[in-house]
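First the proteins, then the strands, lettered A, B, ... as listed; each starts at 1.
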There are 2 protein chains.
Amino acid sequence: MTDTRRARPATYEMVLEHVEQRLTSGEWRPGDRLPPERELAARLGASRQAVREALRVLQAQGVIRSQVGTGADSGTVVVPAPARALGRVLQLHLAVDSFPVGDVTEARVMLERFSAEAAAGSGRDSASGLLQIRAALEAMDGDLDRAAFGAADAAFHVAIARATGNRLVGELTTAIRESVRGTLLDAMYGDGDWPPLRARLQDEHHAIWSAIADGAGGLAADRIEAHIRAFHGRLGG
Amino acid sequence: MTDTRRARPATYEMVLEHVEQRLTSGEWRPGDRLPPERELAARLGASRQAVREALRVLQAQGVIRSQVGTGADSGTVVVPAPARALGRVLQLHLAVDSFPVGDVTEARVMLERFSAEAAAGSGRDSASGLLQIRAALEAMDGDLDRAAFGAADAAFHVAIARATGNRLVGELTTAIRESVRGTLLDAMYGDGDWPPLRARLQDEHHAIWSAIADGAGGLAADRIEAHIRAFHGRLGG
DNA sequence: CGGAGGGGTGTGGTCCGACCAAGGTAGCGC
DNA sequence: GCGCTACCTTGGTCGGACCACACCCCTCCG
């Protein structure tokens, strides 16, 4: 009895730690396959259930993806998907009153002001980023219904965030937007005449785009802030 | 065989959805106790293992906390802890190259500029917030060792974020800071003479504080940005 | 010789039943 | 009346089994 049971740190946590260690050390990289659950369990001296709980946690954190079968994509694979994971966490805590909706509005303003300014200042460094913003903008024109417009709207804002070249900010923007979808956006699309509202939103988006395209960072930031506040304002205040 | 197996959506996901529904609807609020695993399993017609996996996910998302026993705090309780959960997700994805360290620096700058500006502008609205910043600042003086100083340093920055009154921003700040602890901060504390570096950091912190206390939002933001960049700069280049 | 069918195999998904450990409680005996 | 001991509840863990699915390979028939 050398040790083995002194302040025992939960078996599944041991597994988790082991896997995270492999991920952090770079031994297992995105695209790699983890060992089968059974093998991992045997190797670590844990039950399969403990392994499964650990893997489930990593899955919830958007680091791995599991799939049955024998093929190339089968098994448990390292597949980073931060935005989904972050979005779910934020959404849950929003539901559970960890913070109010108004905080989310402010956070969005902060993030998207930053993004707009950075995108406007990026110049030729990220021509492709600017092109994607424009593509998203054009996809939003026409007489889309609320659902389709909502998706295109999200794509537009995310494209701006991505154009900053800062992936973390892009993920955070996506996540925060995801967290309030359904709570806010869907509700907001629900009242009033649709075509006029859509037209107004389209105008705002075009105005934001032109400021970014002109390299007018401050103006773009101000416009996107006004856009967001108007959007959230109908409900919160 | 009316249905039961048509595009079957994973048992544990069904449990997850059920619990999230209760959380979102407000039926289960922070502080409440969830039913025992066995009862939940029976009620949902799922196995205990499936229930456990779902609860494990929620635990990883920082929404619940489990504990054995019969007492008041025992069982599975709704206990929101967003920062820890967010921090772990970010940390993992940083390790797995979802985004580079430089992105984290930029995100920190964005968040903390926002926080500093907001804290400076808050005025008497949040006198207690300002007091807490000051308390954190004073706790940082003296000849602390690297570890103690690191903790106090974190407390100072988090206090500023909290003073904004925006809990979400506070959580995000804590999370981002948490994600780079160990990777960056510890490494950075490791080289060079300690007392001089500490003195310089103390000076910077005092300068930030005085700007906030004076209500000079822009100045505070600039100072905290310089502070962060200097801090991260030693490693990233 | 070639293609279609079928069985074998590997993988995650699920369930059952059991036991352990920790913490509280109630009841029993001194 | 007090202390101690059984017992109960609850999460934690384990082993074994079976299912569903996807792929692989081998065989058999045209």
Side-chain angles (χ1 to χ4, degrees), chain A residues 1 3-19 22 28 31-79 81, chain B residues 1 3-19 22 28 31-79 81:
Chain A
M1 62 170 84
D3 52 277
T4 311
R5 53 127 176 290
R6 119 174 10 169
R8 190 150 55 96
T11 312
Y12 94 92
E13 271 178 1
M14 185 264 285
V15 178
L16 197 51
E17 203 171 316
H18 179 269
V19 176
R22 291 292 186 288
W28 294 342
D32 290 353
R33 270 189 30 199
L34 270 61
E37 294 177 354
R38 292 168 174 83
E39 183 184 330
L40 209 47
R43 195 189 299 182
L44 298 181
S47 72
R48 205 181 145 204
Q49 160 134 355
V51 171
R52 282 182 62 77
E53 288 182 18
L55 294 184
R56 198 62 83 196
V57 167
L58 291 171
Q59 181 180 316
Q61 290 170 339
V63 175
I64 62 176
R65 184 213 49 188
S66 291
Q67 208 168 300
V68 292
T70 328
D73 277 15
S74 305
T76 304
V77 187
V78 180
V79 175
Chain B
M1 62 172 88
D3 54 278
T4 311
R5 53 126 177 290
R6 124 173 5 169
R8 191 151 52 98
T11 312
Y12 94 93
E13 271 178 2
M14 184 265 285
V15 178
L16 197 50
E17 204 170 315
H18 180 268
V19 175
R22 292 291 185 290
W28 294 341
D32 290 354
R33 270 190 28 198
L34 270 60
E37 294 178 355
R38 292 167 174 83
E39 183 184 330
L40 209 47
R43 195 190 299 181
L44 298 181
S47 72
R48 205 183 144 204
Q49 161 135 355
V51 170
R52 281 181 62 77
E53 288 184 19
L55 294 184
R56 197 63 82 197
V57 167
L58 291 170
Q59 181 180 316
Q61 291 171 336
V63 175
I64 62 176
R65 186 212 50 189
S66 290
Q67 209 167 301
V68 293
T70 327
D73 276 16
S74 306
T76 303
V77 187
V78 180
V79 174

### Integer-rounded Å distance: dT11(C) C1' and Leu34(A) CG
13 Å
### Message
Without decimals, in angstroms, what is the distance between Arg56(A) CZ and dG12(C) P?
### Response
11 Å
### Query
At their closest point, which heavy atom of Val57(A) faces which heavy atom of Leu16(A), and how far apart are they?
CG1-CD2, 4.0 Å
### Query
Using a distance-only test with no angle check, is there a side-chain donor-acceptor pair under 3.5 angstrom linking Gln59(B) and Arg56(B)?
yes
### Message
Please report the distance, rounded to the nearest Å, between CD in Glu39(B) and P in dT9(D).
### Response
12 Å
### Query
What's the spacing between Glu39(B) CD and Leu34(B) CG if we round to 0.5 Å?
10.5 Å
### Summary
What residues 58-79 of chain A contributes to the DNA chain C interface at heavy-atom separation below 4.0 Å is Ser66(A), Gln67(A), Val68(A), Gly69(A), Thr70(A), Gly75(A), Thr76(A)
### Summary
From CG of Leu16(B) across to C1' of dT14(C) the rounded distance in Å is 16 Å
### Protein-nucleotide distance (Glu53(B), atom CD; dT14(C), atom P), rounded to Å
7 Å
Distances under 3.5 Å only, N/O to N/O: pair up the protein atoms with those of nucleotides 14-17 of chain D.
{"from": "dC14(D)", "atom 1": "OP2", "to": "Ser47(A)", "atom 2": "N", "distance (Å)": "3.1"}
{"from": "dC14(D)", "atom 1": "OP2", "to": "Ser47(A)", "atom 2": "OG", "distance (Å)": "3.1"}

### Message
Rounded at 0.5 Å granularity, tell me how far CD in Glu13(B) sits from NE2 in His18(B).
### Response
15.5 Å
### Query
Can you list every side chain to side chain donor-acceptor pair (under 3.5 Å) pair that touches residues 62-79 of chain A, not counting sequence neighbours?
Ser66(A)-Thr76(A)
#### Entry: Euclidean distance, atom CD of residue Glu37(B) to atom P of dC15(C) [Å, nearest integer]
14 Å
### Summary
Gln61(A) meets the side-chain hydrogen bond (donor to acceptor under 3.5 Å, both in side chains) criterion, sequence neighbours left out, with none
### Message
Once side-chain contact (heavy atoms from CB on, under 4.5 Å) is applied, do any residues pair with Glu17(A), and if so which ones, sequence neighbours excluded?
### Response
none
### Message
Just to verify, what does Arg48(B) make a side-chain hydrogen bond (donor to acceptor under 3.5 Å, both in side chains) with, not counting sequence neighbours?
### Response
Glu37(B)
### Task
Rounded off to whole Å, could you give me the CG-to-P distance for the Leu44(B) and dC15(C) pair?
11 Å
